[in-house]
Amino acid sequence: MSAPLPPPFEIHVARIETLALDAVVNAANTRLLPGSGVDGALRAAAGPELTQLTATLPPIEEGSAVVTPGFQLPARFIIHTAAPIWTAPGEKGEKVALLARCYTAAIIMAGAQNFASLALPCLGTGNFGWPRDFACAIAIAACEEALAKAPSITRLVFCCFTEADAEPYRAALRR
């Protein structure tokens, strides 16, 4: 049997749109327009009301977050955050800081709403091109730091699409 993960961390290989938690995090684009991957799955499961609502919201900056109802999702709310694109022009250190801010902003927002449970996808590792292991290290460090500012969170789920996505999280959190 493998060693348990340190609380409040959990790792689930699942589809994020199926999780019944206080909130799930959406890997959104800055204009909050419909996309593919996590965003497409969440929108399909939440129903058309989500897209109708996000169409009325102003764009968000990379590294920031906004919350919406979950509509038809099992999760009560969705926290949308926009990661930087790894392959886009720009200074790598700034991109790393922005990716970390995505996690921080989501956790701070969840804490401000008094959420107890939150699921995060592997932000940036799909269409935005971030190397999985590198993005995982950024995610864990940012989450560990941000959780101190969100004491209501007792479950933080890294929701991974595949076992290959989950393995770097398991390895890093067991150290």
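The model shown is predicted, which means the values in this text are computed figures rather than measured ones. Worth knowing before you read on, the calculation uses all heavy atoms, side chains too, and leaves out hydrogens, waters and symmetry mates.
Residues Ser117 and Val157 have side chains not in contact (no heavy-atom distance under 4.5 Å, counting atoms from C-beta outward). Considering only heavy atoms from C-beta on, Phe161 comes within 4.5 Å of Arg15 through its side chain. Contact check for Cys159 versus Pro121: no side-chain heavy atoms found under the 4.5 Å cut-off. Put simply, the side chain of Cys143 reaches to within 4.5 Å of the side chain of Leu120, judged on heavy atoms. Put simply, the side chain of Pro69 reaches to within 4.5 Å of the side chain of Leu53, judged on heavy atoms.
By the criterion of side-chain heavy atoms lying less than 4.5 angstrom apart, applied directly or through intervening Ile, Leu, Val, Met, Phe, Trp or Tyr residues, Phe77 is grouped together with Leu156 in one hydrophobic cluster.
Judged by distance alone, the side chain of Thr51 and the main-chain N or O of Pro48 form no donor-acceptor pair under 3.5 Å. With Thr81 contributing its side chain and Ser64 its backbone, the two residues share a donor-acceptor pair below 3.5 Å.
Among residues two or more places apart in sequence or in another chain, the side chain to side chain contact (heavy atoms under 4.5 Å, CB included) test is passed with Arg76 by Asp22, Phe115. Residues that satisfy the salt bridge (charged side-chain N to carboxylate O under 4.0 Å, His left out) test with Arg170, not counting sequence neighbours, are Glu163, Glu167. Remark: Glu145 engages no residue in a side-chain hydrogen bond (donor to acceptor under 3.5 Å, both in side chains) (not counting sequence neighbours).
The distance from atom CD1 of Ile79 to atom CG of Leu118, rounded to the nearest 0.5 Å, is 5.0 Å. Atom CG in Leu147 sits 5.5 Å away from atom CD1 in Ile153 (nearest 0.5 Å).
Heavy atoms of other residues, nucleotides or ligands lying less than 6.0 angstrom from CD of Gln72 number more than 12.
When every heavy atom of Ala119 is checked against every heavy atom of Leu19, the shortest pair comes out as CB-CD1, 3.7 Å.
Sorted pairs that involve residues 88-112 and meet side chain to side chain donor-acceptor pair (under 3.5 Å), not counting sequence neighbours, are lacking altogether. Note on residues 24-39: pairs passing side chain to side chain donor-acceptor pair (under 3.5 Å), not counting sequence neighbours, are Asn26-Asp39, Asn26-His80, Ser36-Asn127, Asp39-Arg43.
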Only pairs under 3.5 Å count here: list side-chain donor-acceptor contacts from residues 130-140, not counting sequence neighbours, and write none if there are none.
{"from": "Trp130", "atom 1": "NE1", "to": "Pro84", "atom 2": "O", "distance (Å)": "2.8"}
{"from": "Arg132", "atom 1": "NE", "to": "Ala164", "atom 2": "O", "distance (Å)": "3.4"}
{"from": "Arg132", "atom 1": "NH1", "to": "Asp165", "atom 2": "OD1", "distance (Å)": "2.9"}

